[in-house]
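Since we're looking at a predicted model, the values are computed, not measured.
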Amino acid sequence: MGMSRGVDGTTNAGAPGADRYKPAANTLGPRASLVMSLALGLLLGALSLLVMLPAAQHLRSLQDGERAQATLHTAGSCMAGHCQVKFEAGGRTVVADLPVGSGGGKESVAASLAVRYQADDPRVVAREADVGGGGAAVLAALAGVAALFFLAISAVAAIFLVRRPRSEA
């Protein structure tokens, strides 16, 4: 009863080499966990500190800018900075890119929205709804928390790696 039959009707019980290979483990070792957690923590920290935090600060810098009514000129991924608005500033029509971290990605072309821009350079513009920091502030906070989480996991993995007996290494 302990034997099974193959497709061709032969039995394979006791076949040479049947027990030679152990099943592959589906878990990462402590060193791989340490390296992956550390890499993810550093990557998310860099995203937060080098991209999203400056974007949020840029959006906040426009709080006291000139106000104008604009239309969405080019729709796209506004959070990534791929949207353009069209508005009147100083008697001329300006088409400007919304900065990274802007909201309003679900708006359609020609949608009306309020913007704030720098008086001396109207191409520096942001949606009025975003001048508090917008989605960039939220993403900076989320990426920062995630970075701290993965760095904490790295610290725990490092402690377990240092404390485990040398015979397992």
Before giving the answer on side-chain contact (heavy atoms from CB on, under 4.5 Å), spell out for L142 and V138 the whole-Å C-alpha distance, their side-chain angles and the decisive distance to 0.1 Å.
CA-CA 6 Å; L142 289 176; V138 173; 4.0 Å; yes
For Q63 versus G132, what's the shortest heavy-atom pair and its separation?
NE2-CA, 3.8 Å
Sort and list the pairs that fulfil salt bridge (charged side-chain N to carboxylate O under 4.0 Å, His left out) and have at least one residue in residues 65-74, not counting sequence neighbours.
R67-E128
Rounded to the nearest 0.5 Å, what separates atom OG in S77 from atom CG in L98?
11.0 Å
Residues in side-chain contact (heavy atoms from CB on, under 4.5 Å) with V94, at least two apart?
F87, A89, R92, A96, P122, R123
Using the rule given for side-chain contact (heavy atoms from CB on, under 4.5 Å), can you reason through T93 versus E88, listing the C-alpha separation, both sets of side-chain angles and the distance that settles it, and then say yes or no?
CA-CA 5 Å; T93 301; E88 294 290 323; 2.6 Å; yes
Spacing of CG belonging to L113 relative to CG belonging to D130, to within rounding of 0.5 Å:
9.5 Å
Treating R116 as the side-chain partner and A126 as the backbone partner, does any N or O pair qualify as donor plus acceptor under 3.5 Å?
no
Is there a continuous path of hydrophobic side-chain contacts, each under 4.5 Å between heavy atoms, that joins L59 to L139?
no
Check for a donor-acceptor pair, side chain of T71 on one end and backbone N or O of A110 on the other, with a separation under 3.5 Å.
no
May I ask you to decide if P99's main-chain N or O and S102's side chain share a donor-acceptor pair within less than 3.5 Å?
yes
Would you call L148 and V145 a side-chain contact if the rule is heavy atoms closer than 4.5 Å?
no
Does V131 belong to the same Ile/Leu/Val/Met/Phe/Trp/Tyr cluster as Y117, with side-chain heavy atoms less than 4.5 Å apart forming each link?
no
Test of understanding: clusters of I, L, V, M, F, W, Y form through side-chain heavy atoms closer than 4.5 Å, transitively. Do L72 and V115 belong to the same one?
yes
Separation between CG (L43) and CZ (F150), nearest 0.5 Å, reads 10.0 Å
With rounding to the nearest 0.5 angstrom, report the SG to CZ distance, C83 to R127.
9.0 Å
Name all residues meeting the salt bridge (charged side-chain N to carboxylate O under 4.0 Å, His left out) criterion together with D64; count only those two or more places apart in sequence or in a different chain, and write none if there are none.
none
Are L151 and L40 in one and the same hydrophobic cluster, where Ile, Leu, Val, Met, Phe, Trp and Tyr link if side-chain heavy atoms are under 4.5 Å apart?
no
Partner of V125 under side chain to side chain contact (heavy atoms under 4.5 Å, CB included), chosen from D97, V95, V85
V85
With the 4.5 Å side-chain cut-off for hydrophobic clustering, are L44 and L38 part of the same group?
no
So, S48 side chain and G45 main chain: donor-acceptor pair closer than 3.5 Å or not?
no
